[in-house]
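First comes the structure, then the notes that go with it.
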Amino acid sequence: MKQVAVESTAEAYIELLAARGVDYFFGNGGTDFGPIVDAYAKRLDQELPVPKPVTVPHEITAMAMAAGYAMVTRRPQVVMVHTIPGTANATGGLINARSNNVPMLFSAGRTPLTESGLKGSRNGGIHWAQESRDQGSMVREWVKWDYELRPGVDLEGVVDRALAITQSEPQGPVYLSLPREVLAHELESFSYSERPRMQPNVSMASPESIKEVAALLARAKNPVAVTAALGRDPLAVPQLVKLAETLNMPVFAGGTYMNFPVTHRLHQGGMAGSALGEADVILVFEQDVPWMPAMTSGPSETATVVGVGVDPLFTNFPLRSFPVHVNLSGIPRFTIEALVNALKSEKLDAAAIKERGERWSANHDKVRAAAKERALAGKDKQPLDKGWVSYCLEQLRDDDMTICSELGLDMSQFEFTQPQQYYGVSTAGVLGWGVGAALGAKLAAPERTVVATIGDGSYMFGVPEAGHWVSRKMNLPVLYVVWNNSRWNAVQSATKSVYPDGWQEKTKTYPFSDLSPSLDFEMICQAAGGYGERVDDPAQVTAAFERALHAVRVEKRQALLSFIGA
Ligand SMILES: Cc1ncc(C[n+]2csc(CCOP(=O)(O)OP(=O)(O)O)c2C)c(N)n1
């Protein structure tokens with residue numbers, strides 16, 4: 001046991017978070033924060049251990065920063081917001097974190113429990129109306145666990161449990177509400193065990209099911225792998241490469257993480273589409289929507305679909321009818337490694353594997369050539385072509401660049417090879433993630449060049465002033481690439497998909513998706529001391545990227561390029 005002098009439960013909480021290895025405390029406070037603020041003031045003054053405090057002027061940004069940081073480091077950070085208002089503003093970020101399986105200790109103050117009599121009791125007009133009968137109910141659907149801290153004696157167990165649960169697979173945020181009197185409770189010392197009381201759950205697929213799938217794969221004529229989020233665990237990626245190479249199995253990998261090197265001869269682009277119809281075994285690695293039932297016929301009746309992931313049933317989804325004929329639930333890196341080993345005892349058909357490899361390698365070359373062709377076809381277009389602008393950035397990209405993508409550029413133009421090179425907004429798609437996620441990624445890996453590629457709509461959802469302020473305050477030079485098409489294209493195309501010959505198409509009127517006239521977004525970044533440029537000439541795209549990269553890499557200040565695009 002370690003004993004330290006502390007003045008309050010709030011201070012004990014901060015001591016414990018630091019001892020448990022939490023690096024950052026992203027805060028957006030209110031009247032509930034007094035005990036936390038005071039304890040931080042003391043500990044910063046006395047140079048006592050703390051998770052570094054980061055003031056974030058909007059909850060959307062705070063949640064996305066913690067998520068971006070955790071996506072890079074795989075370690076949970078703390079976000080604390082103000083009672084019910086802060087919880088309400090943060091909920092979108094929480095839904096993204098849940099959907100992206102990002103660990104996080106999300107917390108909020110709670111209005112003081114008592115009307116008078118205790119240190120921290122109510123003393124503000126808001127303290128009555130801000131009470132929720134059950135504050136956790138605001139977010140319970142999106143967290144794995146929630147709790148309200150009672151008088152501080154259980155503090156250590158509660159924090160250890162929160163951190164262990166958020167890191168157990170499938171990972172996702174937990175919620176802790178912290179009443180002001182509980183935080184303000186006066187203490188003289190705090191004793192805690194230096195060893196965390198518990199570890200996260202780890203699960204593995206059974207040896208029998210691994211053997212069954214290895215035998216299936218050995219016999220398969222056309223095995224196909226699809227994945228959207230396997231690369232959340234970077235160590236799973238080389239394992240999938242090994243498995244794919246053993247069988248010369250094609251891999252369709254798009255989604256929210258870098259799951260399989262795009263330059264690999266077995267990488268076949270994003271969604272599998274018609275290739276599924278010919279497959280006899282389909283391995284679905286961490287993919288919530290492996291095909292679109294309304295658009296593709298999907299696999300044949302006789303194909304076997306194998307789910308590989310921490311929860312191949314996606315238990316949180318109310319409706320999901322994709323087959324999981326064989327369920328290899330467990331940490332995918334272990335499952336894939338076990339499959340590779342099990343295949344060593346199977347009899348493989350070397351000639352068939354060789355032929356398959358040649359076929360898919362040729363298809364890979366076609367997919368890459370088609371992407372390049374699409375980009376070059378746009379090289380003279382005005383308004384700018386998304387493929388062309390993306391291609392130009394790809395030509396300048398090095399291994400040390402991280403791209404956080406939220407509808408800004410065309411990800412099929414990028415040839416990512418390592419997990420740290422790409423992160424995408426969750427498939428739950430609560431927009432407003434990109435601005436903050438890029439800041440979190442930069443905080444996690446300051447040596448990398450971090451680029452956020454964001455639609456103009458998504459940029460505005462992300463409360464950009466809050467992000468630019470944090471960037472300036474914390475010296476986090478991120479490059480923002482804003483696709484300024486003066487519209488919500490997603491809403492327009494979704495309308496068109498349901499009404500291809502409808503009134504929108506006939507009249508070219510766009511209620512609820514027209515964002516014109518657009519803003520001079522570059523000036524918003526300039527207002528925060530950053531470099532900002534509007535780009536509308538396709539011949540200037542590369543030079544503009546070079547100027548902006550110079551600003552973030554050499555001048556060490558944030559930059560924003562606003563591409564006037566289609
Ligand atoms: C918080 C939130 N509100 C609304 C939506 C619905 N929505 C999905 S895409 C989109 C438009 C995004 O615009 P932009 O970033 O400019 O990209 P574009 O559609 O032009 O490609 C909207 C409004 C959402 N996903 N999240």
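Whatever order the structure lists them in is the order used to number ligands and atoms, beginning at 1. The shown structure was predicted, so the numbers you read here are calculated from the model rather than taken from an experiment.
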Checklist entry - Do S471 and Y480 get their side chains close enough for a donor-acceptor pair, meaning under 3.5 Å? => result no

Checklist entry - Can you list, by chain and residue number, every protein residue with a non-hydrogen atom closer than 4.0 Å to ligand 1? => result L407, G429, L431, G455, D456, G457, S458, F461, N485, R487, W488, N489, A490, V491

Checklist outcome for this item: Residues pairing under side chain to side chain donor-acceptor pair (under 3.5 Å) where one sits in residues 290-299, two or more places apart or in two chains, turn out to be none

Enumerate donor-acceptor pairs with a distance under 3.5 Å from any side-chain N or O in residues 434-453 to protein atoms, sequence neighbours excluded.
unit_1 : atom_1 : unit_2 : atom_2 : d
K442   : NZ     : P446   : O      : 2.9
K442   : NZ     : R448   : O      : 2.7
R448   : NE     : T402   : OG1    : 2.7
R448   : NE     : Q420   : OE1    : 3.3
R448   : NH2    : D399   : O      : 3.1
R448   : NH2    : M401   : O      : 3.1
R448   : NH2    : Q420   : O      : 3.4
T449   : OG1    : R553   : NE     : 2.9

Item to check | Aromatic plane relationship, H364 with H267 - under 30° parallel, 30 to 60° tilted, over 60° perpendicular | outcome: perpendicular

Checklist entry - What pairs with Q130 under side chain to side chain donor-acceptor pair (under 3.5 Å), at least two apart in sequence or on another chain? => result H82, T83

Next on the checklist: Under a 3.5 Å cutoff, is there a donor and acceptor pairing between the side chains of N100 and S426?
Outcome noted: no

